[in-house]
Number of protein chains: 2
Amino acid sequence: MAAVLPLADLRQQGRPGTWLNTIIKGDCVAALEALPDRSVDAIFADPPYNLQLGGTLHRPDQSLVDAVDDEWDQFASFQAYDAFTRAWLLACRRVLKPNGTIWVIGSYHNIFRVGAMLQDLNFWLLNDIVWRKTNPMPNFKGRRFQNAHETMIWASRDAKAKSYTFNYEALKASNDDVQMRSDWLFPICSGGERLKGEDGKKVHPTQKPEALLARVIMASTKPGDVILDPFFGTGTTGAVAKRLGRNFVGIEREQDYIDAASERIAAVEPLGKAELTVMTGKKAEPRVAFNTLVESGLVKPGQVLTDDKRRWSAIIRADGTLAAGGDAGSIHRLGAKVQGLDACNGWTFWHYEDGKSLRPIDNLRAVIRNGLAKLD
Amino acid sequence: MAAVLPLADLRQQGRPGTWLNTIIKGDCVAALEALPDRSVDAIFADPPYNLQLGGTLHRPDQSLVDAVDDEWDQFASFQAYDAFTRAWLLACRRVLKPNGTIWVIGSYHNIFRVGAMLQDLNFWLLNDIVWRKTNPMPNFKGRRFQNAHETMIWASRDAKAKSYTFNYEALKASNDDVQMRSDWLFPICSGGERLKGEDGKKVHPTQKPEALLARVIMASTKPGDVILDPFFGTGTTGAVAKRLGRNFVGIEREQDYIDAASERIAAVEPLGKAELTVMTGKKAEPRVAFNTLVESGLVKPGQVLTDDKRRWSAIIRADGTLAAGGDAGSIHRLGAKVQGLDACNGWTFWHYEDGKSLRPIDNLRAVIRNGLAKLD
DNA sequence: GGTAGCGTTGAATCGTTGA
DNA sequence: ATCAACGATTCAACGCTAC
């Protein structure tokens with residue numbers, strides 16, 4: 001069983017890390033305030049939606065729709081909901097690391113208030129993501145469009161935080177090599193994944209699918225990161241985080257949910273290191289100066305480089321700069337200069353002769369990075 | 001050319017209807033305040049998105065992205081944007097009929113503020129609709145998810161307004177007989193539809209596709225309705241409204257946009273009455289009492305009806321009621337009674353024998369409605 | 001006359017490092 | 001703190017040109 005940590009205990013010990021991979025039992029804001037500053041890498045929050053249901057709803061066959069009418073989803077007014085939202089978002093902001101990001105999921109009942117509050121509290125919106133449901137509940141009365149999606153907001157702690165985690169290359173590779181869009185298609189949580197009590201009834205009214213959390217976590221965290229879920233419920237965030245080699249912290253008030261989550265997470269087997277390795281792009285690779293190619297003999301002073309269509313050419317000088325016409329400079333500056341542009345990636349612009357064909361000098365950088373033998 | 005109405009003229013005349021199918025030139029809020037109370041059936045609004053762009057953005061090939069940096073999209077702060085939003089939404093609310101609805105489109109930069117303000121002003125959110133773009137602009141730097149959608153909010157004037165227009169059956173019929181979802185897929189406006197100036201450059205930076213407006217208008221208005229667009233731009237709302245047999249009112253400040261819209265709308269040919277007939281659901285169809293079936297001889301007193309599995313049966317009485325066991329009543333009440341339910345649709349529950357098969361008596365009601373020959 | 005190829009473009013809050 | 005240098009990065013649709 002995943003450990004459960006009563007809030008009172010957390011307050012007393014205060015030792016760093018005792019709360020890692022536990023479910024803190026207590027009020028959301030109070031629990032957040034007992035956690036240290038800047039201690040989590042990412043937050044996933046599925047707050048109450050503030051559904052405004054006017055009575056009961058029946059299906060066309062007269063069966064009763066089991067609506068979300070729990071006490072925790074009742075707010076007296078938008079004002080009350082805003083105050084609640086402000087409180088938990090502020091508390092989240094404090095425990096978030098400067099380069100951390102937060103996800104909040106909601107429906108049209110609450111997401112506009114959440115989004116506006118995020119902006120008011122100086123979070124910086126990165127994307128709004130649409131979860132399109134393959135199997136949404138129909139609109140039984142035929143008075144509106146079928147409510148077939150929910151919205152997630154992804155935001156960084158503030159506008160200046162540029163180095164948040166975003167595993168762009170991995171997402172692209174997993175998406176047929178085109179960049180991941182802001183609309184995601186997943187089934188709702190059902191079947192074996194849906195937690196049911198001994199009475200056969202669902203334990204939690206709004207359990208989210210693990211696939212959704214898996215994409216969120218794979219996209220915006222690294223293995224070993226700490227992911228906080230202030231409305232833990234039955235622990236989907238914790239289960240997926242554990243499986244994906246991340247740490248979690250959950251906060252939850254209801255003992256029934258804690259029991260279900262605890263048992264559920266205990267049964268999760270984490271993936272191995274190899275499976276968790278994230279595909280990275282060139283951004284993650286160590287820098288190699290062009291001069292290194294000259295020094296290692298992969299290119300030689302006096303050798304001629306051209307662009308891929310041989311429109312421009314330049315000569316390599318012994319100091320690792322290029323010269324063309326009266327101009328000289330780095331591979332980047334000279335590439336920009338000859339084309340009349342402000343900037344240019346010299347590694348992909350300049351090519352060398354390899355037999356009959358032209359190859360970008362970027363290929364030679366790869367030789368250095370991989371520690372391969374010199375070519376000559 | 002569609003008529004252009006300077007705001008000063010509108011203020012002087014004040015005669016009802018002079019502003020129908022015109023473009024009012026002037027400030028959005030001032031123009032709205034010159035229009036009478038409760039005078040429009042629907043509003044489509046595409047307000048400034050309040051994009052906050054840092055600098056210039058280049059594509060991987062170093063070409064410059066032509067960003068939306070127009071003066072009208074600049075706001076000093078969220079507070080300023082909220083004040084602007086509040087002003088035009090309040091003005092819209094006054095001119096909207098009590099059963100009217102409003103659509104607002106936006107992106108994550110502004111839509112959360114718009115949605116929260118709609119709620120604060122006592123509009124009642126009916127749906128949020130996601131416009132998924134088939135061909136969105138990529139994320140060039142690989143720092144976020146591709147921004148592949150925009151969001152529309154559909155709201156009624158207030159919570160009590162239950163008889164707003166929603167052509168549920170027509171939408172369903174047009175959608176392979178399944179109800180229309182909240183996620184719509186359309187291409188962005190390009191090709192021949194995109195208005196270009198003599199210089200070949202786009203007239204308006206954010207022209208919306210006509211297909212999007214067509215679905216909005218077909219879903220939530222009736223032929224002859226008045227549709228207001230307070231940010232008319234190049235008049236997509238007007239062009240589609242005219243084509244679909246609706247009236248429009250546009251408000252726009254920029255003369256260049258007005259000129260383009262005016263010419264564009266003048267060239268639109270409205271569809272004929274037959275094409276515009278909206279498929280209506282059973283709710284709008286004339287009521288047919290069960291007794292009418294008895295009177296017309298489609299069913300006969302003494303005839304036996306059963307449910308589709310022959311679990312229960314009842315006898316038709318001459319007064320148009322049913323009897324079973326010791327109970328009697330309407331087709332609905334008796335259907336509920338035998339099943340032990342609170343309610344039941346007798347039209348679909350009770351079946352009659354047609355040769356070897358059972359058919360719902362609803363089929364016979366259709367015979368009456370369509371004026372078909374008696375079957376016997 | 002097709003069609004392959006190349007260039008253009010669309011509501012975008014779009015970088016990191018070291019001197 | 002500011003500045004310069006490095007160098008990483010795009011998808012679908014439309015239209016024009018060349019063959």
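First the proteins, then the strands, lettered A, B, ... as listed; each starts at 1. A quick note: this is a predicted structure, and the numbers were derived from the prediction, not measured.
- Residue Asn127(A) is out of contact with every strand shown, counting any heavy-atom pair closer than 4.0 Å.
- Nucleotides dT10(D) and dG10(C) are separated by 12 Å at their C1' atoms, to the nearest Å.
- For the pair Phe349(A) CZ and dA5(D) C1', the interatomic distance rounds to 18 Å; values are reported in whole Å.
- At a threshold of 4.0 angstrom between heavy atoms, the contacts of Leu125(A) include nucleobase atoms, whether or not backbone atoms are also involved.
- A donor-acceptor contact shorter than 3.5 Å is absent between the side chain of Asp183(B) and the backbone of Arg132(A).
- Taking the ring centre of Trp347(A) as origin, the terminal cationic atom of Arg365(A) falls inside the region bounded by 6.0 Å and 45° from the ring axis.
- Nucleotide dC14(C) forms no Watson-Crick or G-U wobble pair with any nucleotide shown, as no partner meets the under 3.5 Å limit on both distances.
- Atom NE2 in His58(B) sits roughly 19 Å away from atom P in dG7(D) (whole-Å rounding).
- Rounded to whole Å, atom C1' of dA5(D) lies 16 Å from atom CZ of Phe290(A).
- Residue Arg287(A) places its side chain closer to dC6(D) than to any other of dA11(C), dT9(D), dC6(D).
- In this structure, CH2 of Trp154(A) is placed 13 Å from P of dC14(C), rounded to the nearest angstrom.
- With a cut-off of 3.5 Å on both pairing distances, the Watson-Crick or G-U wobble partner of dG2(C) is dC19(D).
- For the residue pair Glu150(B) and Lys133(B), the shortest heavy atom distance occurs at OE2-NZ, 2.8 Å.
- In this structure, Glu193(B) reaches neither bases nor backbone, as no heavy-atom distance under 4.0 Å exists between it and the strands shown.
- dG7(D) is unpaired under the criterion used here, namely a Watson-Crick or G-U wobble arrangement in which both key atom distances are under 3.5 Å.
- When all heavy atoms are compared, the tightest approach of Pro47(A) to Ile105(A) is CD-O, 3.5 Å.
- As rounded to the nearest Å, dA11(C) and dG15(D) have C1' atoms that lie 23 Å from one another.
- Within 4.0 Å of Cys189(B), counting heavy atoms only, lies no atom of the nucleic acid at all.
- Between the CG atom of Asn50(B) and the P atom of dA12(C) there is a distance of 15 Å, rounded to whole Å.
- Taking atom NZ on Lys141(B) and atom P on dG7(D), their separation rounds to 15 Å, with Å as the unit.
- Within 4.0 Å of Gly233(B), counting heavy atoms only, lies no atom of the nucleic acid at all.
- Within the 4.0 angstrom heavy-atom criterion, base atoms lie near Asn139(B).
- A salt bridge links Arg113(B) with Asp120(A): the closest approach of a Lys/Arg side-chain nitrogen to an acidic carboxylate oxygen falls below 4.0 angstrom.
- dC16(D) and dG1(C): their C1' atoms are spaced 16 Å apart (whole Å).
- Between dG7(D) and His332(A), a contact under 4.0 Å exists linking OP1 or OP2 to a side-chain N or O.
- Annotation for Ile23(B) and Ser262(B): closest pair CD1-N, 4.0 Å, computed over non-hydrogen atoms.
- Contact annotation: Lys133(B) does not reach the phosphate of dG10(C) (side-chain N/O to OP1 or OP2, under 4.0 Å).
- Nearest-nucleotide positions on DNA chain D place Ser330(A) closer to the 5' end than the other of Asp61(B) and Ser330(A).
- Counting to the nearest Å, the P atom of dT8(C) and the CD1 atom of Ile188(B) are 17 Å from each other.
- Residue Trp154(A) forms a ring pair (Phe, Tyr, Trp, His ring centres under 6.0 Å) with just one option from Phe44(A), Phe166(A), Phe123(A), and that option is Phe166(A).
- Taking side-chain N and O atoms only, Arg144(B) has no distance below 4.0 Å to OP1 or OP2 of dT9(D).
- Residue Arg365(A) has a polar side-chain atom (N or O) positioned under 4.0 Å from OP1 or OP2 of dA8(D).
- At least one donor-acceptor pair under 3.5 Å links the side chain of Trp131(A) to the backbone N or O of Phe186(A).
- When the nucleotides dA11(C), dA12(C), dG15(C) are ranked by their closest atom to the side chain of Val65(B), dA12(C) comes out on top.
- Heavy atoms of Thr56(B) sit under 4.0 angstrom from at least one base atom.
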Its contact letters, B for base, S for sugar-phosphate only and - for none at protein heavy atoms under 4.0 Å, make nucleotides 11-19 of chain D read BSSSS----
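- Taking the centre of each ring, His204(B) and Tyr257(B) come in below the 6.0 Å mark.
- If you check every strand for non-hydrogen atoms under 4.0 Å, Ala343(A) touches a base.
- Where Ser163(A) and His109(B) each meet DNA chain C at their nearest nucleotide, the meeting point lying more 5' is that of His109(B).
- For Gly142(B) and Pro47(B), each mapped to the nucleotide of DNA chain C holding its nearest heavy atom, the one lying further toward the 5' end belongs to Pro47(B).
- Atoms NZ (Lys337(A)) and C1' (dG7(D)) sit 19 Å apart, rounded to a whole Å.
- A salt bridge does not link Lys201(B) with Asp66(B): none of the charged nitrogens is closer than 4.0 Å to a carboxylate oxygen.
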